[in-house]
Amino acid sequence: MRGFARRKTLPDYKHIRVPDQGEALSVAADGSLQVPDKPIIPFIEGDGTGPDIWKAAVGVFDAAVEQTYGGERRLQWMEVFAGEKANGVYGPDTWLPEETNQAIRDFRVAIKGPLTTPVGGGIRSINVALRQIHDLYSCVRPVRWFQGVPAPVKEPGLLDIVLFRENTEDVYSGLEFSEGSDDARKIIGLVEELTGRKLRPDSGVGIKPVSRTATRRLVRAALRYALEKNRKSVTLVHKGNIQKFTEGAFRDWGYELAVEEFRDQVITEQEMWDKHDGKCPQGKLLVQDRIADAMFQQLLLRPDEYDVIATTNLNGDYLSDAAAAQVGGLGLAPGANIGDGIAVFEATHGTAPKYAGQDKVNPGSVILSGVLMLEYLGWDEAARNITVAIEKTIGDGDVTYDLHRQMKGATLKSCSGFAGAIIDNLAT
């Protein structure tokens, strides 16, 4: 939807400056995102190398939108604060101000650079906190190879997956109790009382919740994505052979949801073998499952047989980084955290503080996360324009130091220089 904005409804903040132009996104009664021509997008530039890569990335976003839409559309950027910069604005130990969370709620879509994980007390992880506070239950990680990027496998181009990782439960829920604490002793005693099993008294204890509700909504998001993008399969990845009531339940609930809500569009792997001699019928989306440890091997040996993956939190953490390594590493790995009517897009690598301010690091992760954001906004043309320009830039050998040191005959580019080359390669 275009041109619906009401400037008078925009909020006021203490430290956040709302742009003079632009409108807030909204969600319609049917749950669809309503995007104006000039949406206001909160951004967190990030810590360490964050300012370098954000400056480079935002230039690419603005150039692509301008070139693609001829000035009819424009992203209006609004800085919000988290991490080390928030401590300077709001005071010490204020890693994730409530004002930032409120702005994300108000404007519904945000993008961020890498953030420091505080050491010691206080918030465990800003990234995890953002996901949990805003119920961003789908961590979406596309992993594909760009022609020319050095990779450790023989045929990196065979891997082209989109991983949906459940973002709010599993071990990342943070439900753990230290060895020797009263809470740990109580839980150890309760386990013995309920099951007869004795845990070592000097154990730390963690709780791994996996719910039917969270599983179904994640698998629903993965199935919808696969159908919209004409993908061929969704694979449920789990460790259900051992953890039958958490990981195994994830598998069962995933199949249950697929059959209940997408019956006319999907076929399960068992049905494919029972009724179609192992061949997926034309026009059907295959829903299958794999045990997590076997899936690591499958992605190495038979990557082209997998497409969209839906999995629990810890499995998704491992698999997404391992898959990114197959195609050259996290430097070009985008990420999105998506809930119902709200999303935060992010770089998937760390802050690399030793390179801060050197205009050196690869901004590709944030740029490609912006591509995901543009797709989420429905601006597919601009997203495609950036992707094609990145492909051409890397194909020409114009790369930052992380790729340059592995590519013969490549031209070394700074962080800003790499972004400038992408802009030069944008389609006209």
Side-chain angles (χ1 to χ4, degrees), residues 7 9-19 22-27 31 33-36 39-48 50-51 54 58 75-140 165-169 172-175 214 217-218 221 313 335-348 350-351 366 369-370 372-373 376-377:
R7 287 288 304 183
T9 65
L10 296 183
D12 292 322
Y13 304 103
K14 183 177 181 180
H15 294 291
I16 296 170
R17 182 183 177 278
V18 179
E23 300 86 34
L25 287 80
S26 66
V27 175
L33 190 69
Q34 306 296 291
V35 182
I40 295 174
I41 307 294
F43 73 91
I44 301 167
E45 67 175 5
D47 297 326
W54 174 252
V58 75
L75 297 169
Q76 300 292 335
W77 302 105
M78 180 177 78
E79 185 171 15
V80 299
F81 305 97
E84 294 171 348
K85 195 167 185 178
N87 288 320
V89 174
Y90 293 89
D93 295 323
T94 310
W95 296 95
L96 182 57
E98 174 53 28
E99 188 169 76
T100 292
N101 286 317
Q102 188 57 52
I104 293 171
R105 295 185 194 101
D106 291 337
F107 290 92
R108 296 192 174 274
V109 170
I111 186 168
K112 57 177 282 297
L115 290 171
T116 297
T117 298
V119 177
I123 194 168
R124 286 173 177 260
S125 163
I126 302 169
N127 294 328
V128 172
L130 282 166
R131 296 166 188 168
Q132 293 181 344
I133 289 169
H134 300 288
D135 201 20
L136 305 173
Y137 55 84
S138 294
C139 180
V140 183
R165 166 192 175 195
E166 204 290 316
N167 235 354
T168 64
E169 295 189 325
Y172 272 69
S173 61
L175 292 171
R217 66 183 184 177
L218 176 84
N313 201 315
N337 300 284
I338 302 174
D340 293 326
I342 189 167
V344 176
F345 299 83
E346 64 178 355
T348 56
T351 58
V366 170
S369 297
L372 295 181
M373 183 187 73
Y376 183 77
L377 296 176

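Quick caveat: nothing in here was measured; it's all calculated off a predicted structure.
- Counting all heavy atoms, side chain and backbone alike, Pro114 lies closest to Gly350 at CB-O, 3.4 Å.
- Listed by chain and number, the residues in a side chain to side chain contact (heavy atoms under 4.5 Å, CB included) with Thr348 are Arg141, Leu330, Ala333, Ser365 (sequence neighbours excluded).
- For Phe345, the ring-ring contact (aromatic ring centres under 6.0 Å, His included) partners are Tyr376, not counting sequence neighbours.
- Counting only heavy atoms from C-beta outward, the side chains of Asn127 and Asn337 never approach each other to under 4.5 Å.
- Asp135 meets the salt bridge (charged side-chain N to carboxylate O under 4.0 Å, His left out) test with Arg217; sequence neighbours excluded.
- Considering only residues two or more places apart in sequence or on other chains, Glu84 meets the side chain to side chain contact (heavy atoms under 4.5 Å, CB included) condition with Asp47, Trp95, Thr116.
- Considering only heavy atoms from C-beta on, Leu75 comes within 4.5 Å of Leu377 through its side chain.
- Qualifying side chain to side chain contact (heavy atoms under 4.5 Å, CB included) partners for Asn101, counting only residues two or more places apart in sequence or in other chains: Leu96, Glu98, Arg105, Leu130, Ile133, His134.
- Going from atom OG of Ser138 over to atom CD1 of Ile338 covers 6.5 Å, rounded to the nearest 0.5 Å.
- In this structure, the side chain to side chain donor-acceptor pair (under 3.5 Å) partners of Asp106, at least two apart in sequence or on a different chain, are Tyr13, Gln102.
- Side-chain atoms of Tyr137 and Asp340 include a donor-acceptor pair closer than 3.5 Å.
- With sequence neighbours left out, the ring-ring contact (aromatic ring centres under 6.0 Å, His included) criterion links Tyr90 to His15.
- In this structure, Arg131 CZ and Ser125 OG are separated by 6.5 Å, a value rounded to the nearest 0.5 Å.
- Listed by chain and number, the residues in a salt bridge (charged side-chain N to carboxylate O under 4.0 Å, His left out) with Glu99 amount to none (sequence neighbours excluded).
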Please report the C-alpha distance between Asn313 and Glu169 in whole Å, then the side-chain angles of each, then the deciding distance to 0.1 Å, and finally whether the side chain to side chain contact (heavy atoms under 4.5 Å, CB included) criterion is met.
CA-CA 7 Å; Asn313 201 315; Glu169 295 189 325; over 6 Å; no
Stepwise, does the side chain to side chain contact (heavy atoms under 4.5 Å, CB included) test hold for Glu79 with Trp54?
CA-CA 11 Å; Glu79 185 171 15; Trp54 174 252; over 6 Å; no
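- For residues 108-117, the pairs satisfying salt bridge (Lys or Arg N to Asp or Glu O under 4.0 Å) are Lys112-Glu346, with sequence neighbours left out.
- Remark: Thr168 pairs with Glu166 by the side chain to side chain donor-acceptor pair (under 3.5 Å) rule, at least two apart or across chains.
- Take Ala110 and apply the side chain to side chain contact (heavy atoms under 4.5 Å, CB included) test, not counting sequence neighbours, and it matches Pro42, Ile104, Val344.
- Rounding to the nearest 0.5 Å gives a distance of 5.5 Å between CG of Leu25 and CD1 of Ile41.
- At a threshold of 4.5 Å between non-hydrogen side-chain atoms, the residues Val27 and Leu33 count as touching.
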